[in-house]
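To start, the structure itself, in structure tokens.
As a basis for the values below, the full set of heavy atoms in this structure was taken, side chains included, without hydrogen atoms, waters or symmetry mates.
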Amino acid sequence: MWMLAPDPDETKEAWVGKLTFPTNSAEYFGFELIRNVDDADAYRDKPFDQDYVIGLLDHQQKCTLIKPIIKELSPGSIGAHYNFQRTIVEGQFQSILRGLPIEDGELKQFRGLSFNSNAVNTWFRRRPFDVKHDPKSGKQEVEIKNPEVMKFDIANFGNVELTSRTNILSDRNNKSLHPTSNMKITFSDEKSLEEVLSYSIRLNALFGFLVGCPMKPPLFKAWLSKTYNLGTHQLHHEGELEIGGVRWTDKTFLHPMDCIHSYGWGGVELQKIMENFLSNSDDFMNRIYAVEFSRFYTKDLNAKFAVAMPAFEQYLKAQFTTKEESAFAKNEKDFFAWVDLSNNEHIIEFWKKHLNVVKRKSTSLPIVISRAIDDLNKKGFRFPQTLSKDINNRRAAVFHSVPNMSTEEIYKYFAEIEAIDGMLMLFTLKDLGVDIGYLSEHYHALSHMQRYLKKREIPTYIPPAMLRKSNIQEETNELTHDDLYGPL
């Protein structure tokens, strides 16, 4: 796609070139533009030194490039026989907003946001049409249902409207029906472009985490408070936001059996989930990224552990440390800080040699892991208590040395990472309001942590002969070889 980007100085020539769009996970948008310059402007990089660059797509549609980063600025001549100078600028940018030129990303002027997301559609799992088959005539009838709408308000955020409907797509002589779920958010007060971008990324990540599979971000529609008249209609100025640099998988839909959470599961409504998430979305995003990075984006055990373990430890110490332990740790720290500030070398040397804390009340990592395991096992899970010491020892070994591991030790390391990911995922779901008890028997979706789920009772095979003679053998309970396996 071609783009024209004017220079803030109208006397300077505009940049002209092409944009490239991401096709894979974690890829960013790219730009490569060129213009003729004077010698004094050979290294002039405006407007790409700003966070928001306004331009024209294909010389007709206004747009905003968000967060550009220059990789190379290359001045030079057009050719050996020409005296003209030209400069090429290459780089990447995070996102693009089509249809709206936004100069100030912190100016609060956006009123709403909407998107059709595969993750939301998978979570809502609605089929807004029925297909009926007439066996006599062989005909099939399709009945399209009325859209199903869910509405609720979230304080200090806005009104949320989730609609399930049927999209009819045409391809030459064929038409196909596609269920889709649209989420529309009308903000309670105006938001900036930076806030709209943040909400877009986070809401898509939330629903990907709920179903258990991060999916590609959709196109987001965002509109301003400013309106214009079209005939008798008053419409908002609207743009399309496309996001890059986000990690996702190739899946576009999951079977309900593959979903970790879906609409109506775990005794929680969508309103409560979103309220909990938005109340501390930074912390939730940190844990969601740690879990998904370990599950989907690397096979390196050390990389999995390095990302998941800090988030796991930080959460457990904040969640499972008592008030008394927290107060003791703070008082101990304040006391020794006060001694250090005394600037008296004799006092400082005295406490280092002769003072020692007896009956320390501060908590430790094995203790909080043990408490976390107890909390989860009450819901039906089977995390062994030995993990508390094993994970603590692994943390010391991985972060402070480069151990040589045997095959058995690698298998053990893998099981410990599974436990860390699993516990962090379960506590994150619990903090979102989900009653996680049902997940202890959710074997299909949680196949990656089977060893920590409730043990399945495998039914014993009963030969047909035993079933036929069950009434006769009830009293004696004696079966012969022939009864079980037939005559020799």
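- Closest non-hydrogen pair, Cys213 versus Leu254, comes out as CB-CD1, 3.6 Å.
- Counting heavy atoms from C-beta on, the side chains of Phe110 and Glu195 never come closer than 4.5 Å.
- For Phe312, there are no ring pair (Phe, Tyr, Trp, His ring centres under 6.0 Å) partners two or more places apart in sequence or in a different chain.
- Around atom CD1 of Ile69, no more than 12 heavy atoms belonging to other residues, nucleotides or ligands sit under 6.0 Å away.
- A side-chain donor-acceptor contact under 3.5 Å links Asn377 to the backbone of Phe383.
- Counting heavy atoms of neighbouring residues, nucleotides and ligands inside a 6.0 Å radius, atom OH of Tyr443 exceeds 12 of them.
- No more than 12 heavy atoms of other residues, nucleotides or ligands lie within 6.0 Å of CG in Asp250, so this atom counts as exposed by the packing criterion.
- A distance-only check finds a donor-acceptor pair linking the side chain of His255 to the backbone of Met257 [under 3.5 Å].
- In this pair, His261 and Trp265 present their aromatic rings perpendicular. The plane angle is above 60°, beyond the 30 to 60° band.
- Listed by first and then second residue, the salt bridge (Lys or Arg N to Asp or Glu O under 4.0 Å) pairs that reach into residues 440-452 are Glu418-Arg451, Glu441-Lys454, sequence neighbours excluded.
- When all heavy atoms of Ala419 and Leu387 are compared, the pair lying nearest together is CB-CD1, 3.7 Å.
- Every residue two or more places apart in sequence or in another chain that forms a side-chain contact (heavy atoms from CB on, under 4.5 Å) with Ser225 is listed here: Arg111, Glu190.
- Both tests do not hold together for Arg247 against Phe293: distance to the six-membered ring centre under 6.0 Å, angle to the ring axis within 45°.
- Of the possible polar contacts, none joining the Lys71 side chain to the Gly91 backbone as a donor-acceptor pair under 3.5 Å is found.
- When atom types are taken as modelled, the side chain of Thr249 and the backbone of Pro214 share a donor-acceptor pair closer than 3.5 angstrom.
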Apply side chain to side chain contact (heavy atoms under 4.5 Å, CB included) to residues Thr166 and His178 and explain how you reach the verdict. CA-CA 6 Å; Thr166 302; His178 295 265; over 6 Å; no
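- Taking Lys317 as the reference, Glu313 meet the salt bridge (charged side-chain N to carboxylate O under 4.0 Å, His left out) condition, with sequence neighbours excluded.
- Remark: Arg295 fails to qualify as a cation-pi partner of Tyr297 under the 6.0 Å distance and 45° angle criteria applied to the six-membered ring.
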Evaluate ring-ring contact (aromatic ring centres under 6.0 Å, His included) for Phe93 paired with Tyr28, printing each intermediate quantity in order. CA-CA 6 Å; Phe93 58 99; Tyr28 288 90; 9.2 Å; no
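- Judged by distance alone, the side chain of Ser114 and the main-chain N or O of Lys184 form no donor-acceptor pair under 3.5 Å.
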Could you walk me through whether Phe152 and Glu161 satisfy the side chain to side chain contact (heavy atoms under 4.5 Å, CB included) test, starting with their C-alpha distance in whole Å, then the side-chain angles of each, then the deciding distance to 0.1 Å, before giving a yes or no? CA-CA 7 Å; Phe152 53 87; Glu161 182 177 319; over 6 Å; no
Might you work through the side-chain hydrogen bond (donor to acceptor under 3.5 Å, both in side chains) test for Thr163 and Glu148, ending with a clear yes or no? CA-CA 6 Å; Thr163 305; Glu148 184 175 346; over 6 Å; no
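- Residues that satisfy the side-chain contact (heavy atoms from CB on, under 4.5 Å) test with Met285, not counting sequence neighbours, are Arg202, Ala205, Phe277.
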Go through the steps for Asp421 and Met449 under the test side chain to side chain contact (heavy atoms under 4.5 Å, CB included), then give the verdict. CA-CA 9 Å; Asp421 293 342; Met449 48 180 291; over 6 Å; no
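- Within the structure, the side-chain hydrogen bond (donor to acceptor under 3.5 Å, both in side chains) test picks out the following pairs touching residues 149-158 (sequence neighbours left out): Asp153-Asn159.
- A donor-acceptor pair under 3.5 Å is absent between the side-chain atoms of Ser198 and the main chain of Glu194, judged by distance alone.
- By the side-chain contact (heavy atoms from CB on, under 4.5 Å) test, Asn116 pairs with Thr180, Asn182, sequence neighbours left out.
- Other residues, nucleotides and ligands place more than 12 heavy atoms under 6.0 Å from the NZ atom of Lys108.
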Determine, step by step, whether Lys145 and Asp130 satisfy the salt bridge (Lys or Arg N to Asp or Glu O under 4.0 Å) criterion, reporting the C-alpha distance in whole Å, the side-chain angles of both residues, the deciding distance to 0.1 Å, and the verdict. CA-CA 8 Å; Lys145 302 177 183 178; Asp130 285 328; 3.7 Å; yes
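- For Thr23, the side-chain contact (heavy atoms from CB on, under 4.5 Å) criterion is met by Glu27, not counting sequence neighbours.
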Start with the C-alpha gap between Arg394 and Asp390, add the side-chain angles, then the distance that decides, and say whether salt bridge (Lys or Arg N to Asp or Glu O under 4.0 Å) holds. CA-CA 6 Å; Arg394 185 72 61 190; Asp390 292 341; over 6 Å; no
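- No side-chain heavy atom of Tyr452 sits under 4.5 Å from any side-chain heavy atom of Gln450.
- Taking the side chain as every heavy atom from C-beta outward, Leu241 and Leu197 approach each other to under 4.5 Å.
- Legend: salt bridge (Lys or Arg N to Asp or Glu O under 4.0 Å) pairs involving residues 366-384, not counting sequence neighbours, sorted by first then second residue: Glu325-Arg371, Asp375-Lys430, Lys379-Asp435.
- Ring-plane geometry between Tyr315 and Phe427 is classed as tilted, the angle between the planes lying from 30 to 60 degrees on a 0 to 90 degree scale.
- The aromatic rings of Tyr438 and His442 sit perpendicular, their planes meeting at an angle over 60°, well past the 30° parallel limit.
- Between Gly105 and Ser192, the closest heavy-atom pair is O-CB, 3.2 Å.
- Across every non-hydrogen atom of Gly433 and Asn276, the tightest pair is N-ND2, 3.7 Å.
- A side-chain donor-acceptor contact under 3.5 Å links Ser200 to the backbone of Val196.
- Looking at heavy atoms from C-beta onward, Leu446 lies in side-chain contact with Met425 at the 4.5 angstrom threshold.
- Side-chain contact check for Ser117 versus Pro218: some heavy-atom pair is nearer than 4.5 Å.
- For the residue pair Ser388 and Pro366, the shortest heavy atom distance occurs at CB-O, 3.4 Å.
- Within the structure, the ring pair (Phe, Tyr, Trp, His ring centres under 6.0 Å) test picks out the following pairs touching residues 197-220 (sequence neighbours left out): Phe115-Phe220, Trp123-Phe207, Phe157-Tyr199, Phe187-Tyr199.
- Ile154 is listed as a side-chain neighbour of Leu278, based on a closest heavy-atom distance under 4.5 Å.
- Side-chain atoms of Trp15 do not come within 3.5 Å of backbone N or O of Gly55 as any donor-acceptor pair.
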Name each donor-acceptor pair under 3.5 Å that joins a side chain in residues 95-104 to protein atoms two or more places apart or in another chain, with its distance.
| residue | atom | partner | partner atom | Å |
| --- | --- | --- | --- | --- |
| Arg98 | NH2 | Glu242 | OE1 | 3.0 |
| Asp104 | OD1 | Glu106 | N | 3.0 |

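- Among residues at least two apart or in separate chains, there is no salt bridge (Lys or Arg N to Asp or Glu O under 4.0 Å) pair with a member in residues 252-281.
- Closest approach of Leu439 and Ile260 over heavy atoms only: CD2-O, 3.4 Å.
- For the pair Arg395 and Leu365, the minimum side-chain heavy-atom distance is below 4.5 Å.
- Between the side chain of Arg165 and the backbone N or O of Ser181, no donor-acceptor pair lies under 3.5 Å.
- Annotation: side chain of Ile420 is in contact with side chain of Met309 (closest heavy-atom distance under 4.5 Å).
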